[in-house]
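See structure below.
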Amino acid sequence: MNRKQLVEQIFKKRSFLCIGLDSEIDKIPQHLRHLPDPVFEFNRQIIDATHDLAVAYKPNLAFYECNGTAGWESLRKTMDYLSQKAPDLFTIADAKRGDIGNTSKQYARTFFGGSPAFNFDAVTVAPYMGEDSVSPFLTFENKWIILLALTSNKGAFDFQFLEEKKSGKRLFEEILTRSQQYGNQENMMYVVGATQAEMFADIRKIVPDHFLLVPGVGAQGGSLAEVCKYGLNKDCGLLVNSSRGIIFASDKADFAEKSRAEALKLQGEMDGLLRELL
C-alpha cells in the first residue's frame, strides 16, 4: 500500500486506528482453547468485529513465534484472512528486526516477499546497526519500514534520551534526523510512544510529514487527545495502535462484541479529531 492509498483509507473510514493482534494464548477466552487453532479463531472474530473501524492491524510476532510452527501457521492464516476479508487494510509485522545487511535482506524477504513468505505492508525495524541494516527493507516497492525512534516503555530513558555532546541532540532526535538519508515519507514511518506525548512537538520539527506509529494509547495510559494535539499533520500522519485495550476487553464469549465497543470509542474520538483538519 502506498501513502496515497493509506491517506485515502484514513479519511474514508474517519479513523487512524491500528489494532494490535498481540494474541497471547493464555489470555484468549477459555471457550476457544479446545479448538485446533484458537489463536486464529480469536483473531478471526476480532477482525470480523472491528475491520470497518480500523485502517491497520499489527500482529506482534512474539505471540506467534513462541508457539513454534503452529504459531507461524496461525499468523499465516490470519494474514490470508485479512487479505480476503479486508484487502484495503494496512498490515504491520511488529517484528523489530535489525541486523547486518545480508541478514536484513532475508528478513525483508520474509515479510515482503509474498508466497511462500508473507506480504505485509510494513515491518518494524530497530535502527541501532545503521543504514546497511535498514536499506534492504527499502528495496520493495510500496512497502514501508517503521523505525523505532521513541518508545513508550520505562526503559526508553536508558538510552533514547542520551545527548550527543557536540550537537546536543538526544539519541531519538539523532535517529529521526540521520535516518532521513535512508528513505522518505513515502516508505518510512517512526514508532513514537503515546506515553511520550509531550515530545511530539519536538519530533514534528524534525519529521513534519512522516507517518508515526503510536503505541501506548489505552492500556499503557497514553492520551489520544494529547498525541493528536502535537502529532497530527495535513494527511493525519498518525497510526495510533491499541492492542490489549481492544482485543482483551473481555475474556468471555462476548469478547468480539466488547472489542468492537472499545474500537468504536477510539474511532469516534478519531473522527472528531480528523474533522478539525478539514
Side-chain angles (χ1 to χ4, degrees), residues 1-21 43-60 78-94 111-112 114 118-124 137-138 140-147 183-192 194 204 207-215 217-218 224-225 227-228 231-243 245-247 256 259-278:
M1 180 181 292
N2 62 36
R3 182 186 174 101
K4 181 182 178 182
Q5 291 168 327
L6 176 58
V7 173
E8 286 175 351
Q9 285 302 310
I10 288 170
F11 285 96
K12 177 182 177 181
K13 286 191 167 183
R14 315 298 305 168
S15 172
F16 44 100
L17 176 61
C18 174
I19 296 178
L21 296 175
N43 288 349
R44 185 189 69 78
Q45 293 194 41
I46 293 289
I47 292 165
D48 284 350
T50 61
H51 69 89
D52 60 320
L53 304 173
V55 294
Y57 284 89
K58 181 177 69 65
N60 185 324
T78 297
M79 292 302 296
D80 287 346
Y81 189 73
L82 271 171
S83 68
Q84 296 163 14
K85 183 74 176 182
D88 57 343
L89 286 163
F90 191 78
T91 56
I92 301 168
D94 192 359
F111 300 114
F112 294 157
F118 293 99
N119 193 28
F120 284 94
D121 293 300
V123 60
T124 55
F137 293 94
L138 296 171
F140 289 81
E141 187 176 1
N142 292 332
K143 301 296 185 181
W144 300 70
I145 59 167
I146 309 179
L147 287 184
N184 54 52
Q185 64 193 46
E186 302 288 335
N187 61 10
M188 191 165 61
M189 304 184 189
Y190 296 96
V191 174
V192 180
R204 279 305 190 200
V207 287
D209 299 320
H210 285 72
F211 264 86
L212 307 177
L213 174 64
V214 184
V217 167
L224 179 61
V227 166
C228 292
L232 282 173
N233 62 27
K234 62 181 176 59
D235 287 336
C236 177
L238 300 174
L239 291 176
V240 172
N241 182 78
S242 179
S243 301
I246 290 177
I247 68 173
S259 74
R260 179 175 179 82
E262 292 301 316
L264 189 59
K265 288 179 188 177
L266 278 174
Q267 185 273 328
E269 190 175 351
M270 290 173 177
D271 184 16
L273 291 162
L274 284 173
R275 290 182 188 280
E276 298 177 10
L277 286 179
L278 300 177

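For clarity, every value in this text was computed on a predicted model and none was experimentally measured.
- Taking CD1 of Ile47 as the reference point, atom CD of Gln84 lies at 10.5 Å (rounded to 0.5 Å).
- No donor-acceptor pair closer than 3.5 Å links the side chain of Asp271 to the backbone N or O of Arg14.
- A donor-acceptor pair under 3.5 Å links the side-chain atoms of Asp121 to the main chain of Thr91, judged by distance alone.
- Of all heavy-atom pairs spanning Asn241 and Gly20, the tightest one is OD1-N, 3.2 Å.
- We find the CZ-CZ distance between Phe11 and Phe16 to be 9.5 Å, quoted to the nearest 0.5 Å.
- Tested against His210, the residues Met189, Glu186, Gln185 include a single side chain to side chain contact (heavy atoms under 4.5 Å, CB included) partner, Gln185.
- Residues Met1 and Trp144 share a closest heavy-atom pair of O-NE1, 2.8 Å.
- Residues His51 and Lys13 share a closest heavy-atom pair of O-NZ, 2.7 Å.
- Leu266 has its side chain out of reach of Val240: every pair of non-hydrogen atoms, C-beta onward, lies at least 4.5 Å apart.
- Here Lys58 contributes atom NZ and Leu21 contributes atom CG; the two are 8.5 Å apart, rounded to the nearest 0.5 Å.
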Show your working on side chain to side chain contact (heavy atoms under 4.5 Å, CB included) between Ile146 and Leu239 and close with a plain yes or no.
CA-CA 11 Å; Ile146 309 179; Leu239 291 176; 5.8 Å; no
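- Put simply, the side chain of Pro59 reaches to within 4.5 Å of the side chain of Phe120, judged on heavy atoms.
- Leu138 contributes atom CG, which lies 13.0 Å from atom NZ of Lys143 (distance to the nearest 0.5 angstrom).
- Proximity of Asn119 to Ser83: side-chain heavy atoms (C-beta onward) are nowhere separated by under 4.5 Å.
- With contacts defined as side-chain heavy-atom distances shorter than 4.5 Å, the pair Phe211/Ile10 qualifies.
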Using salt bridge (charged side-chain N to carboxylate O under 4.0 Å, His left out), reason through Asp48 and Arg260 one step at a time and then give a plain yes or no.
CA-CA 9 Å; Asp48 284 350; Arg260 179 175 179 82; over 6 Å; no
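- Taking both residues in full, the closest heavy atoms of Leu89 and Ala56 are given as CD2-N, 3.9 Å, listed atom of the first, atom of the second, then distance.
- With hydrogens and angles ignored, the 3.5 Å screen pairs no side-chain donor or acceptor of Glu262 with any backbone N or O of Ser259.
- The closest side-chain heavy-atom distance from Asn60 to Ser243 is not below 4.5 Å.
- Side-chain atoms of Tyr81 and Asn43, non-hydrogen and from C-beta on, never get closer than 4.5 Å to each other.
- Considering only residues two or more places apart in sequence or on other chains, Phe111 meets the ring-ring contact (aromatic ring centres under 6.0 Å, His included) condition with none of them.
- Atoms OH and CG, from Tyr190 and Leu147 in turn, are 6.0 Å apart once rounded to the nearest 0.5 Å.
- Residues Cys228 and Leu238 meet the side-chain proximity criterion, which asks for heavy atoms closer than 4.5 Å.
- Note that CG of Asp88 and CG of Leu6 are 11.0 Å apart. Values are rounded to the nearest 0.5 Å.
- The nearest pair of heavy atoms linking Gln267 to Leu53 is CG-O, 3.7 Å.
- By the 4.0 Å N-to-carboxylate-O rule, Lys4 lies too far from Asp235 to be salt-bridged with it.
- The shortest non-hydrogen separation linking Arg3 to Asp209 is NH2-O, 2.9 Å.
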